[in-house]
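The structure appears right after this line, and notes come after that.
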Amino acid sequence: MKKATHLLTMVLAVTLLAACETAPQSSSGGDGGIDDKYLGEWKDDSVDDLQFDNDGNPILNNVELKMWSTVTNPDAEYQDQIIADFNKAYEGQIKLSYTGGGVCYHESRFSIYGNFAKTVNQDPENAPDVFYGYGERIGAITNQDLIVPVGPYLKMANIGFQKDYFETKLIDNCFVGDNLYGLPISVDTAHTLARKDILEKNGLTVPTNYLELTDVCDKLVEKANAGELWVRGNDTAYVAKGDPTEWRKYSVAIEGPYYPFPISNGDMWIYDYYAETAALQNGGVLCDKSGMPSFASPEVAGGLQILRDWIFPTETSSNKYAMSAPDLNYDAGAKDFYAGTCSFYLDGAWGLYVDTAKLDTMYIGEGGSKDNLAIINPSKLLCKDYSKDYSKEIFGDSHAISLVKNTTSRAKRVAGAIFSNYLAEHSGGLWTKAGHLPASTVVQQSTDDYLDNPYYQKYVQYFGTTDLYQTMPVSVYYDYVMNGYHTALKQATSSIYTSRNIIDLLSDAQEDAVQRINDIKGL
Amino acid sequence: MAFKWLKKNYRESEVTLSDYALDLERKKRTFSKYAVGILFMLPYLAMFVTFFLYPLISGLIISLFKYNIANPVFDATTWRGFTNYEKLFTTSTSFGADFWNGIRLTLLFVVIIVPCQILIPLGLAYLVNLKPKGSAFFRTVLYLPSIFPQTATGLIFLNMFNLNYGFINSFFGTSTNWLSDPTYNTILIIIFTVWAGCGGNFLIFYAALQNCDSTLNEAAAIDGCKGFRRFISITLPQIKPQLVICLFTTSIGMMNFYGQIYMLGAYQVDSSVKLTVIYVIQNLITGTNFEVYGMVSAMAVLLGVFIAMISITQLVVTKDRKGGSKHAEQYQEALKRS
Amino acid sequence: MSAEKKVNFKKARELYKASGAKIVEDSIDSFVSIRDVDKIYPNGVQAVFHFNLDIKEKEFIVFVGPSGCGKSTTLRMIAGLEEITNGKLYIDKVLANTKSPDQRDIAMVFQSYALYPHMNVYDNMSFGLKINKAMLPLLDKEGKPVSDENGKPLLVKRHYTKDEINDLVFGAARILNLGDYLDRKPKELSGGQMQRVALGRAIVRRPKLFLMDEPLSNLDAKLRISMRSEILKIHHRVGATTIYVTHDQTEAMTMADRIVVMNMGHISQVDTPRNIYENPSNLFGAIFIGSPSINLMNVTYADSTITFGNGSALKLQDGTNAKIKAFFDSKLLFYKQTLQRFELRHHEILPVLKSLLRTKNEAKIQELLGLHYLCEREQEIKDLLAKVLSEQKYKNDVRKIMALIEEKDHVLSSIVDELDANKPNTEAHKPVVLNKKNKGVRTPHEEKEILEKLISYFEKGYEHTNLILGVRPEFFALGDANSPVKGKVFLQEYLGTEKYVYFSFLEKEYVVRVSSKEDFKRGGDINLTFDLHDVHLFDPVTGLSIA
Amino acid sequence: MQSNIKKHLNVPKIIAFVILSIASLLVLIPLFWALVNSFRSADDIYYHPYSFFPTSFNNWTISNYISIFTSDKYPVGRWIINSLIVSLSSSVLYLIIACLAAYAFVFLKLRFANGLFLFLIGTMTVPGIVLTVPQFSQIYQMGLNKTLLGLILPGLGGVYGLFLIRQFFLSIPYDLIESARADGAKDLTIFTHIVVPLGKSIIMVQGLFGFLGAWNDLVWAQIIIGQTTPDNWTLSYGLSKVIEGTQTYSNLGLQLACTIVAMVPIAIMYIFVQKRIVEGVSMTGIKR
């Protein structure tokens with residue numbers, strides 16, 4: 001049981017480091033216990049099938065665990081590797097696998113929550129033992145009665161728990177009342193990539209905020225319209241050069257209008273990151289403390305206005321020219337970026353590995369991605385007023401892992417707690433490859449796992465620090481809030497609704513969401 | 001009847017051997033006849049009762065409760081009476097609003113698509129029945145879309161009409177957003193439904209036209225009835241039964257409109273133009289709110305009443321009427337007068 | 001031991017067990033015996049009324065009658081395809097009511113031929129053989145029959161072997177000339193060939209009883225004539241008893257040993273073709289048999305003389321007068337008794353009987369019961385009554401008596417119906433719908449009215465009554481200006497050596513057969529006379545033949 | 001001369017030919033496009049999005065098909081097997097029980113049969129949607145949720161097929177049955193030797209429509225197997241999930257290859273049975 005106490009030792013190290021400034025009040029565990037204030041009122045309902053050795057450590061004998069995970073490829077691959085490492089480390093004690101083969105079941109975020117709720121309720125035998133989902137949704141699934149607190153089982157596993165081991169916002173998401181319902185693993189967002197080589201060739205610099213971005217984009221369009229824009233890259237539908245390093249002038253006549261930064265009106269990057277970040281940076285809040293939607297506010301509308309201006313510029317917008325073509329469906333700009341026919345590109349954190357690798361091969365003789373690609377920190381990128389603190393905030397999805405209520409075996413729950421802990425500890429390393437920022441402040445500071453990590457060096461270092469990251473506030477009505485907001489977003493950025501006020505769209509969507517929540521309450 | 005009463009008293013009275021034998025064997029025969037009948041019917045009837053009658057009744061009951069499939073409780077705590085229905089009848093709840101919007105939308109599709117799915121196949125069947133060159137090929141091809149899963153053909157249409165890479169827009173030189181513009185998306189759904197749904201009716205009309213009595217056409221030709229007129233007054237009455245059946249099945253099928261819209265409305269930005277009533281029901285059933293099944297059942301029952309009303313109306317309207325006696329009476333009067 | 005003898009219930013059960021469900025009535029000397037058979041469909045339509053017929057072995061019987069007369073239903077009851085509602089059917093002395101078709105040793109030829117469309121001719125003919133077991137000689141390993149110690153072949157119940165089936169099918173094919181068609185499907189055959197296959201299918205089963213349901217009605221005229229003789233040939237060759245149903249009187253006349261003329265579910269007359277032709281017992285038979293049909297003329301009878309509408313009179317033979325008188329007297333008595341019985345049956349008998357029992361008026365009771373001359377359980381009723389009178393317990397027993405009386409109700413009811421059967425159908429056959437209260441389309445009140453009218457008709461006496469004179473076309477003779485019948489010719493049909501001349505007489509149309517040498521003009525006069533030996537007199541009300 | 005030519009050129013037939021050619025083109029173009037583009041590389045579609053055909057010989061590829069049959073994400077082969085299991089067993093089982101029942105209803109002349117059948121016909125006005133929730137509940141209580149059996153069973157209680165079969169059986173001359181009875185055949189023999197061979201066309205038609213109904217079903221599949229891993233999906237459901245998969249990346253060729261794989265088995269079956277379908281429909285005069 002050496003490994004199980006790993007986290008404890010690290011916590012000790014951190015607390016010792018911090019001891020000079022803040023006197024540690026928590027009686028963190030020489031006895032391997034957990035602070036009682038994090039145990040909450042929880043009556044352990046598991047079946048007592050767990051035995052302890054003489055040292056008070058639990059004896060785990062080939063406990064089989066089944067995990068469902070919301071991460072899909074490419075991260076799923078990395079996650080499976082981490083789990084495989086775990087299986088190896090805990091051989092004979094704990095083993096993760098599932099009937100479909102492999103170590104873990106992965107399903108996309110669009111359907112896994114529905115599937116999870118249905119399975120736990122209607123098909124408990126096939127439900128997982130641990131669920132790897134999103135921290136901000138823990139409140140909702142706790143409300144649905146799908147998971148149990150992890151705290152008591154961490155205690156049984158003799159794993160110490162320190163709240164400040166984790167980024168505050170992320171660990172707070174995992175609490176419902178006093179009960180700790182999961183351990184946060186990491187947080188991530190979508191990132192803006194820029195073709196540094198093209199910008200520099202055209203005498204422009206990489207922008208760092210929204211106003212700079214719109215300015216650069218306008219200049220790019222003007223140059224393109226004047227036939228002065230230098231571009232280079234892969235072949236396009238109109239131009240085939242064969243050599244990506246060769247510079248050419250963009251031709252509006254042949255290749256159509258130049259759009260410097262194509263975005264779609266509804267793919268995942270816009271849906272789940274940009275839209276929320278836009279709301280945040282303009283001071284908007286999507287839901288109130290009771291969890292009810294509150295996005296019909298001028299602040300949120302201001303955020304969405306920025307996205308609308310992106311595609312449909314007006315006299316008041318800071319960009320003169322449309323930065324993106326309207327009504328793009330998915331993967332907007334994915335190929336244009338490498339063809340050089342656009343200069344900016346939005347991609348998920350987990351896409352960066354592939355993105356950098358592509359530019360590395362394209363410009364292998366010219367410094368690869370290091371010299372030709374810029375990763376723009378999302379702070380201040382979606383607002384015009386940088387005076388407020390919230391203009392720096394970045395919206396992120398936080399991953400967290402929880403124990404599922406159907407698993408009644410105490411041994412399994414304890415094993416699940418140990419596994420959760422393992423993932424939290426190993427949120428650096430390979431996991432960094434997928435562009436995830438570790439939730440653990442300790443891991444963030446570890447050189448081996450994180451700071452010297454090639455992926456950190458290559459791209460993660462540009463992502464901003466975790467304290468800038470905000471998630472959705474915990475809402476038991478998560479689905480309704482998000483559905484409503486996404487509907488408004490989709491409409492606001494669609495060419496069909498340009499005649500309608502954004503605040504009206506938001507109000508309609510919010511009204512509908514509130515109505516639905518009330519209907520469900522009154523059912 | 002007295003004779004039956006007498007049989008009861010056989011034991012007391014004297015009988016002939018033949019009467020005794022007949023009585024006994026008749027009973028045996030009747031028994032074995034019914035035993036065979038019941039044995040033949042039993043597998044089906046068992047399935048009918050289990051998977052039709054029982055669900056039908058339990059569906060009505062469920063609609064009066066707050067019902068959870070995984071944890072079915074029928075008691076005072078879950079009893080809802082007609083509250084579910086009440087909520088459906090007021091549009092101030094999202095259930096009622098969605099339901100009536102769904103009904104409105106469904107009826108809209110019915111009104112537009114059903115005539116297309118009757119008239120286009122009828123016209124095509126008529127043309128194929130003229131036996132131009134290659135009519136066998138045309139017949140084969142025209143039925144083709146009906147045999148493929150709509151999810152498959154829907155996927156093809158979805159890609160064909162895609163704004164970013166579908167060939168349709170470039171072919172017509174347009175830049176119509178077929179997949180997210182509410183109006184164009186509705187048009188696309190109608191086009192697809194007609195494209196994919198004409199085959200079945202076409203085949204029926206084709207078969208019906210083939211079975212038409214050709215001498216009637218010849219007689220009409222001698223009477224001087226030509227072309228379209230002949231089609232209306234001679235051919236159509238002959239295939240009336242098939243027309244009625246097709247009208248019937250097509251409109252009921254359209255009341256269950258879902259798959260096409262599920263596939264092609266995937267990128268729709270305005271959900272109120274794609275949530276047909278079945279879509280609403282299906283969303284609730286496959287959703288994660290487990291208390292909602294009673295409400296869904298009420299919706300289904302209400303929709304069921306709707307559909308049953310439509311089918312009964314159609315039955316009444318299209319029923320064959322008796323000839324009456326108008327001309328016979330006129331004849332009698334004329335006879336009297338002369 | 002007769003199956004029709006009364007025994008007590010226990011004994012009946014023992015006897016039945018001993019018989020192995022094969023009830024044999026030795027007193028029957030005919031091959032098929034149909035006794036008092038009724039057919040009432042579940043919807044209340046009665047198709048056949050107390051049908052009684054005995055058919056001798058190897059006889060060729062033809063049921064003939066218009067469509068809906070119940071002939072096919074009767075045949076199907078014999079075949080076992082319809083259940084017999086009341087009455088008994090013995091085939092080869094064995095009670096066969098509830099036997100299934102295959103147990104009756106019959107073969108049936110259907111009007112539609114009923115050839116299985118998906119099987120070729122060989123399969124059609126061998127189908128019955130393939131699926132059934134039969135009592136057949138036990139075969140040894142080499143396929144030769146095994147004999148018992150007496151040299152008789154040992155019989156076992158087994159399936160036919162392939163060779164046996166081949167033998168039978170090929171044999172039938174040879175008889176019917178079907179050898180070349182064995183591999184064809186029915187749709188590839190002509191009507192005549194299909195007909196022969198249907199016959200062949202019946203033959204291969206070697207039944208004792210052949211049933212044919214209008215087998216020739218789907219063939220064209222010429223083929224029908226040739227098939228007629230073919231069927232007769234097969235009948236003589238196979239020698240099985242045959243019941244043949246047709247609506248074509250020519251077929252009946254040419255083929256039958258005996259004809260059963262049926263109308264509206266009743267037997268109108270049973271006799272040889274010749275007797276039926278020469279001595280029809282009622283108007284229906286007279287009209288139905290013979291082509292062209294018999295000429296019927298309205299005459300008035302008085303003083304042994306009949307008078308036509310135009311005044312010409314004919315003196316009848318001696319003895320005719322007496323015949324008419326006897327007919328009227330017997331009918332008057334019959335209907336009077338029926339009416340009394342009818343009234344009692346419907347309303348009065350129960351209270352009357354009750355009051356009589358209360359007063360123990362035995363003489364009156366005897367008188368009452370004396371009316372039940374039609375009830376074959378009369379003795380039973382008498383016995384019961386004696387018991388009632390002696391033991392003073394009458395309630396239950398009265399009900400039993402009532403039951404016994406009502407058991408034969410349908411017989412009585414049909415007395416009125418029979419009047420219909422004796423006369424040609426004036427309109428399409430009206431089904432007799434039974435319901436619980438009222439056993440006919442007629443209400444009891446209507447039936448009573450009819451009976452009363454009949455009685456008053458017969459009470460009026462035979463003098464100056466109207467009768468119908470029937471003369472077959474060939475029994476007319478050309479006469480002179482004094483002839484009783486003077487008509488106008490309106491149509492002539494030449495048939496080679498002779499011709500039919502249609503003429504109108506007293507505003508009605510008649511036909512006469514004359515030699516084709518005779519010459520008539522359209523619209524010209526024709527004078528006819530006839531021999532009183534060859535004519536028939538019918539009573540117009542009952543339709544019965546008088547002389 | 002001119003009038004002669006006119007007589008030879010049957011004008012209505014020419015018009016019919018032209019219209020039908022256009023209609024057939026409209027039917028075939030989407031299918032043809034799907035077939036061609038399923039053999040097209042992803043890059044080609046991206047660079048030449050509006051081209052109907054692959055732009056050059058090099059851009060023809062079977063990689064889409066290879067990835068379908070090797071990827072876990074779209075186990076189309078597995079879906080086809082699942083769909084075959086569901087469609088075949090539901091249609092065959094239904095045919096067996098419905099034919100037996102129809103035989104009893106038509107040929108056994110039982111007293112209660114007509115009343116019972118009228119009742120069954122009466123229930124035909126009840127639309128299937130009313131049954132969805134209770135049937136789901138029932139399947140769930142039976143422990144058949146998420147199983148293929150749960151897809152098969154509920155269809156077996158349907159009335160419409162029985163109605164069609166019975167109507168057809170009514171057209172079989174009763175003489176044939178009686179003839180077989182007179183030949184000594186028992187009911188089961190009559191059923192297997194006479195009625196089933198004679199009812200072949202309705203059995204084909206009902207079997208085919210039953211098969212297609214199950215093969216194309218989406219609503220019930222979403223309810224029963226919607227929450228399972230792709231290995232348990234039916235073809236129709238699996239294809240509907242292919243769109244969802246496109247929310248992160250689009251690969252037209254892959255999607256089209258999926259549809260082509262889904263359609264080819266039915267198309268082949270259709271070529272073999274299409275004459276029978278026409279025959280059957282013309283004999284029964286009714287669909288579905």
Side-chain angles (χ1 to χ4, degrees), chain A residues 111-124 140-141 144-146 237 262 264-267 325-335 478-480 483-484 486-497 500 505 508-509 511-523, chain B residues 65-72 78 80 83-84 86-88 90-99 101 158-159 161-166 169-170 175-185 266-273 283-296 298:
Chain A
S111 55
I112 194 169
Y113 273 87
N115 197 351
F116 178 51
K118 284 217 143 186
T119 310
V120 169
N121 272 287
Q122 299 183 345
D123 188 16
I141 57 175
Q144 280 179 294
D145 190 23
L146 303 177
S264 84
N265 83 324
D267 69 5
D327 298 327
L328 297 178
N329 277 323
Y330 292 100
D331 297 328
K335 301 240 171 171
Y478 182 90
D479 285 338
Y480 294 95
N483 275 342
H486 287 157
T487 304
L489 156 77
K490 221 175 183 185
Q491 294 176 346
T493 53
S494 155
S495 62
I496 299 145
Y497 289 86
R500 288 200 63 193
L505 294 172
D508 284 358
E511 222 170 88
D512 188 61
V514 169
Q515 175 74 60
R516 281 172 201 282
I517 291 167
N518 287 335
D519 284 341
I520 289 300
K521 276 188 198 161
L523 199 71
Chain B
F65 283 86
K66 176 171 163 180
Y67 184 79
N68 186 343
I69 280 174
N71 181 25
T78 57
R80 305 267 289 151
T83 324
N84 287 336
E86 270 166 35
K87 286 203 171 181
L88 284 182
T90 57
T91 45
S92 61
T93 66
S94 60
F95 297 117
D98 286 352
F99 180 76
N101 179 55
L158 194 71
N159 285 311
F161 283 83
N162 188 302
L163 178 65
N164 301 333
Y165 54 79
N169 271 333
S170 77
S175 58
T176 312
N177 198 342
W178 291 98
L179 302 185
S180 39
D181 186 306
T183 318
Y184 286 109
N185 192 230
Y267 303 151
Q268 177 57 271
V269 288
D270 183 358
S271 63
S272 71
V273 298
N283 271 353
L284 288 172
I285 294 181
T286 53
T288 52
N289 197 314
F290 303 111
E291 313 271 71
V292 89
Y293 294 110
M295 177 63 83
V296 179

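In this text the structure is predicted, and so the values were computed from the model without any measurement. Throughout, protein chains are lettered first and strands after them, A, B, ... in sequence-line order, and every chain is numbered starting at 1. Reckoned from all heavy atoms, side chains included, excluding hydrogens, waters and symmetry mates.
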With A:Ala140, which residues qualify under side chain to side chain contact (heavy atoms under 4.5 Å, CB included), at least two apart?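 A:Ala140: side chain to side chain contact (heavy atoms under 4.5 Å, CB included) contacts with A:Tyr478.
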Identify which part of [X] has an atom lying under 4.5 Å from any heavy atom of chain A, answering side chain, backbone, both or neither.
X	answer
B:Asp181	both
B:Ser92	backbone
B:Asp98	side chain
B:Phe290	side chain
B:Asn71	neither

Pairwise distance CD(A:Glu511) to OG(B:Ser94) - rounded to 0.5 angstrom: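 So the CD of A:Glu511 and the OG of B:Ser94 are separated by 12.5 Å.
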Look up atom OG1 in B:Thr288 and atom CG in A:Asn121, then write down how far apart they are to the nearest 0.5 Å.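 B:Thr288 atom OG1 to A:Asn121 atom CG measures 9.0 Å (nearest 0.5 Å).
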If only side-chain N and O atoms count, and only distance matters, is there a donor-acceptor pair under 3.5 Å linking A:Asp327 with A:Ser495?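 Judged by distance alone, the side chains do pair up.
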Got a sec, which residues hit ring-ring contact (aromatic ring centres under 6.0 Å, His included) with B:Tyr184, two or more places apart in sequence or on another chain?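 Partners of B:Tyr184 by the ring-ring contact (aromatic ring centres under 6.0 Å, His included) criterion, ordered by chain and then number, come out as B:Trp178.
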Measure A:Tyr497 against the heavy atoms of chain B and call it side chain, backbone, both or neither at under 4.5 Å.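 Side chain of A:Tyr497 only, per the 4.5 Å heavy-atom cut-off to chain B.
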